[in-house]
2 protein chains.
Amino acid sequence: MATMEDVARLAGVSISTVSHVVNETRSVAPGTRERVIAAIEKTGYTGNVIARSLVTGGTKSIGVAMSLLANPHLAQLIHAIEAEATAAGYTVLLGDTLDHADGERAAVRKLQARRVDGMLLTPAPGDTTTLEQLARTNVPAVLVDRVSHKVKLDQVGPENIQSTSTLVSHLAAAGHRRIGFISGVEWMGASEERTLGYRLGLGRAGLRWDSNLVAGGGATHEDGVLALRRLLTVPERPTAVITGNGAMTAGAYREARAHGLEIGKEFAIVGHDEVDWADLVDPGITTMAHPVDEIGRTAVRLLLARLADPDTPPETVLLAPELVHRGSCGCR
Amino acid sequence: MATMEDVARLAGVSISTVSHVVNETRSVAPGTRERVIAAIEKTGYTGNVIARSLVTGGTKSIGVAMSLLANPHLAQLIHAIEAEATAAGYTVLLGDTLDHADGERAAVRKLQARRVDGMLLTPAPGDTTTLEQLARTNVPAVLVDRVSHKVKLDQVGPENIQSTSTLVSHLAAAGHRRIGFISGVEWMGASEERTLGYRLGLGRAGLRWDSNLVAGGGATHEDGVLALRRLLTVPERPTAVITGNGAMTAGAYREARAHGLEIGKEFAIVGHDEVDWADLVDPGITTMAHPVDEIGRTAVRLLLARLADPDTPPETVLLAPELVHRGSCGCR
DNA sequence: CTCCTCTCAGCAAACGCTTGCGTGACCCTA
DNA sequence: TAGGGTCACGCAAGCGTTTGCTGAGAGGAG
C-alpha cells in the first residue's frame, strides 16, 4: 500500500508537504498542491490511520460495550449509534459485556487497549468496579439505558417515572379502578422508577395503592406468565395490568388469553417497552415505546461533546417514551 | 498511560526485554521476568495496540459490513461473530452498508482505511463493484448470508433448496395437496433457491407445480398480506402456504386470521426464517430456523483460516436450517 | 541597499512498539 | 587454556505519520 513517502517522491516534495495538503493544515502553493493531489490519485494513497493515531494519540473510534444478547433493541440502538458516529468521522468498536460484571470488565479493558477515544456503556448488573476503573483511566464514557444517579458520568436513558404514570392515567381514564403492575427485576434502577411511576399514577388518578396488585421481580416471558397468574387470583382482581418489559408483556398477554379473558374488552394490557410484534397480535399491544434511536444518537452526541470539552459537568439525559396506541388497552 | 519504557525503567531492563516477556517471544531469565511482571503490575501497563499494529502490520481486528437495520437476526449474528472473534483475540469494527451499493462501498472503504485484517460482508442488493474492489485490494473477506456462486470468495449462508423442499414434504405428509408459496424478492439468490426447493419438494411429494400457487416478490409484512390475499382467490385455493421470510410470515398469518381461517386446523402456515415471536402467537409458527449463531461463528472461522493461509481455494459453507415444530402446520 | 516580513516548504524528532543482530558471561570439552 | 556452544539481554533500525523549527527566497519599506 502506498505511503506518504511514495506520494512525496512522485510529487517531488517532502513528506511533510504531503501531510499538510492531506490535512489542510498549512497553506501550500497551488501548483505544489496539485502535483501532490495528482500523485495521491496515481498511487491510490489512502492514508494510514494507525500511524496517524500513534502520533496524534486519538483513534477516531468509540467503543460500545453492552450485552449483545440481552438488549432487545440492540440492532436499532447500534444502528443509531453507528450512524451518528460515522457522521462525525468515528468508527464503532464492539465489546460484549455478556451482561455480567466480569464480561464487562473484560470488554472495557479490551476497548481501552484498543485506545478508543471514548466509550458507550450499558452497565451490567452488579457492576461496581468497572465504572470506577473507567473514571480512573479517564477514558470518557457515557452510560446508556441504565441510568444511575450514583454515578458522575454522562448518561442517557428512557424516562421511567412519568411515562409509567401516564400508562396508569391512560387506563384510569378508560375506567379501570383495579390496575395491576408487573414489575421488572429488583436490582435495576429502572424497575424502581417504574414502580414509583405506577404509584404516582395511582395517586393522580385518585386510586389506592394495593400491594396485592403488584407482582413481579422478573424479566422473562415465563415471569410474565406467573406474575399475571398470581394477579388473577387476588380478590377483586385487576381489570387491567401494566407490564415492566417486553418479554413479560408477551407472557402476560398469553396468560390472559389462556384464562379466557378477552384482551381489549374485559381486560386491558399495556406494556413498557416496545416490542416488534406488538402489531402482529390481535389486538395489538399498547406500549410505551422507548425512543431507542434517540437514545443512541444522544449517547454519541454526549460523548463527542465530552471529547470536545472534558471539563463540563456530567449530564444526564432522560428521553420520554411515547405512548403507542393499539388495541390492548381497550380504550378505543 | 504507561508505556513499555516506563515498565523497562522500573524493572531495570531494556525495552526489548519487556516486549519479549509480554509476547513470550524469547526466553527470559525467571528473575528478570518476574521483575518485569511486577513492574507491569505496578504501572498498570496495558500495551498499545496502535504502536504494535504500526510495526507488525496487522491490527487483530475484523470489519463487519452489513445492514444494521435490514437484518432481522442482527443481534444474534453480531453476538456470535463477536464471541468467536474475541476468543481468537480479534476485535470487531462495525460498518453499516445501509443495504445499498453506495453505503456498502463507503462502509468497506472505511473499514479498509482502518486497516482491518479481514472483513465479513453481507453484500447489498445490486452491488457489483465493491466485491471486485475487495478482491483487488486483497483484504480477505467472507460473504455472510447472501451467497452467490458467481463470487470466488469464502462464503457462509443458510441452505435454501433442501430446507424449503423439506417444508413442502412436511405439509404434504400432513395431507395437503394444494400448497402455496409466498416467495421473496427477485434479485436475491436465496429467493430463487427457495423457489427451486419448493418445486423440488412438490416433485418429491408427487404434486404438480401450479404457478397460481406462487405469489410474492416482496419482503415486508404488507407484501405477505397481499400475497396471501391473492393466493386465497385462486380456484381450488391452497390449504397451506410456505412463506419466504419472517416479515411476510407475519403478514400471511394475520391475513389468514382476517379471512377467518383457523390456522393449524383448516389452514397451515409454515415460514422460512425464525422469528422471535413465533412462540408468542397461538398457534405458534412452524418455521425453518436459520442457524444464525453457527453462520456467524463459521464466518469468523473461515476468515481466520484465510488469514492464516491465504492460498487455499475459497470455500462455500451452506448450513442447514432446522425445522422448528409448532402449531401452525397443523400436523400435530 | 539594508532590513523586515511573508510565503512556501524541508528537516528531523517524536509516537510506542517489534525484531534482527550483537555481545558478554558462563560452562564444557579437548 | 583455548575454542566452541548456550543463555540472557541490550542496541538500534524501522513502521508511517504529525508538527515545531528553520531557512530560502521574494517583495516592500525606509
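Every chain is numbered from 1 and lettered A, B, ... according to where its sequence line falls, protein lines coming before strand lines.
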* Structure fact -> Note: for B:Arg33 and B:Ala51 on DNA chain D, the residue whose nearest nucleotide lies more 5' is B:Arg33
* Asked: Taking 4.0 angstrom as the limit, do A:Lys152 and A:Glu315 come out as a salt bridge?
  -> no
* **Distance (rounded to the nearest 0.5 Å) between A:Glu82 CD and A:Glu84 CD** => 11.0 Å
* Distance-only donor-acceptor test, A:Thr56 side-chain atoms vs C:dC15 base atoms, 3.5 Å -> no
* Asked: OP1 or OP2 of D:dC15 sitting under 4.0 Å from any side-chain N/O of A:Asn48?
  -> no
* Would you sort out whether B:Thr129 and B:Arg105 count as a side chain to side chain donor-acceptor pair (under 3.5 Å), showing the intermediate values? => CA-CA 8 Å; B:Thr129 54; B:Arg105 190 162 28 249; 2.7 Å; yes
* Asked: Going by an N to O cut-off under 4.0 Å, is there a salt bridge joining A:Asp102 and A:Arg109?
  -> no
* Does any N or O donor sit under 3.5 Å from an N or O acceptor when you compare the side chain of B:Ser27 with the base of D:dC7? -> no
* Asked: Under the 3.5 Å rule, do the base of D:dA8 and the side chain of B:Arg26 count as making a donor-acceptor pair?
  -> no
* Is there a donor on the side chain of B:Arg52 or the base of D:dG14 sitting less than 3.5 Å from an acceptor on the other? -> no
* **For atom CZ of B:Arg115 and atom C1' of D:dT17, their distance in whole Å** => 11 Å
* To do: By nearest nucleotide on DNA chain C, pick out whichever of A:Ala29 and B:Ala2 is the more 5' one.
  => A:Ala29
* Looking at A:Ser14, does any N or O in its side chain come under 4.0 Å of the phosphate oxygens OP1/OP2 on C:dG10? -> yes
* When we call it a touch if two heavy atoms are under 4.0 Å apart, what does B:Ser19 touch: a base, just sugar-phosphate, or nothing? -> base
* To do: Have a look at A:Ser16 and say if it touches a base, only the backbone sugar-phosphate, or nothing, with a 4.0 Å heavy-atom cut-off.
  => base
* To do: I would like to know whether A:Asp6 and A:Arg9 meet salt bridge (charged side-chain N to carboxylate O under 4.0 Å, His left out); could you show each step before the answer?
  => CA-CA 5 Å; A:Asp6 300 329; A:Arg9 200 175 321 129; 3.8 Å; yes
* Asked: When all nucleic acid strands are considered with a 4.0 Å heavy-atom cut-off, which category describes A:Ile50: base, sugar-phosphate, or nothing?
  -> nothing
* To do: Starting at atom NE2 of A:His20, determine the distance to atom P of C:dA9, rounded to an integer number of angstrom.
  => 11 Å
* Using a 4.0 Å heavy-atom cut-off across all strands, classify A:Thr32 as base, sugar-phosphate, or nothing. => sugar-phosphate
